[in-house]
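Have a look at the structure below, then the notes.
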Amino acid sequence: SAVISQKPSRDICQRGTSLTIQCQVDSQVTMMFWYRQQPGQSLTLIATANQGSEATYESGFVIDKFPISRPNLTFSTLTVSNMSPEDSSIYLCSVERLGLGRNEQFFGPGTRLTVL
Amino acid sequence: SQQGEEDPQALSIQEGENATMNCSYKTSINNLQWYRQNSGRGLVHLILIRSNEREKHSGRLRVTLDTSKKSSSLLITASRAADTASYFCATAVPNFGNEKLTFGTGTRLTIIP
């Protein structure tokens, strides 16, 4: 398994500001993913972050709103820009661990964001 | 639209009973995975079943997959209070040489001591 940490674990932010969430993995991984989980909802993939290339965004998500960095194989950041109350969610990063013909994803503990 | 729809949305059972959750999906998949989430925290991977498998066991967990009906079920036997959590199915589909996970709507399971 992979050990994943996220910072901050939670934050309360004002409308119009930006927050950068960090995701650190204890081993090198190729694929890192960022998800959003709105209150009481399931997870929605925001983007896939590959080291050395631009992130690939899912439909409905754009780089200007959710810029992502992936400077190396163990670290990534997601910024939630110009926040509004609709951005209040749990944001989770995950990594894909390949092996034995199985593709599992391991998730970080999440960042609970509240926008006032 | 959601790839995975789960039912029931919520389930409450007595400790010791078995809990069954169902997941339906719409497209062909590489595999289907089940995850558990405790109180809005990170997800924990429970079990993966490949598209050519029909049943898989892991401890008190039993997963079935019916690709003809595009459905899966998760059975937790002899439930415990610690099993109280939300359970999500996730379907893995090919995505530019990798796989993309799409999560279902989730089932909120409550085990009553």
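Atoms considered below: every heavy atom in the structure, side chains included; atoms not considered: hydrogens, waters and symmetry mates. All figures in this text were calculated on a predicted structure; none of them were measured in a lab.
Rounded to the nearest 0.5 angstrom, A/Thr56 OG1 and B/Lys100 NZ are separated by 10.5 Å. The structure places CD of A/Gln37 at 5.0 Å from CZ of B/Phe88, a figure rounded to the nearest 0.5 Å.
Both B/Leu43 and A/Met31 are members of a single hydrophobic cluster when ILVMFWY side chains are connected at heavy-atom separations under 4.5 Å. Linking ILVMFWY side-chain heavy atoms closer than 4.5 Å, directly or via other members, places A/Phe66 and A/Phe75 in two distinct hydrophobic clusters.
Residue A/Glu54 places its CD atom among 12 or fewer non-hydrogen atoms of other residues, nucleotides or ligands, all under 6.0 Å distant. Surrounding CD of B/Glu17 are more than 12 heavy atoms belonging to other residues, nucleotides or ligands, all under 6.0 Å away. Other residues, nucleotides and ligands contribute at most 12 non-hydrogen atoms within 6.0 Å of the CZ atom of B/Arg80.
Not one N or O on the side chain of A/Ser42 forms a donor-acceptor pair closer than 3.5 Å with the backbone of B/Gly106.
Using a 4.5 Å cut-off on side-chain heavy atoms (C-beta onward), A/Tyr35 and B/Leu101 make contact.
For chain B, the nearby part of A/Glu58 is the side chain; its heavy atoms alone come within less than 4.5 Å.
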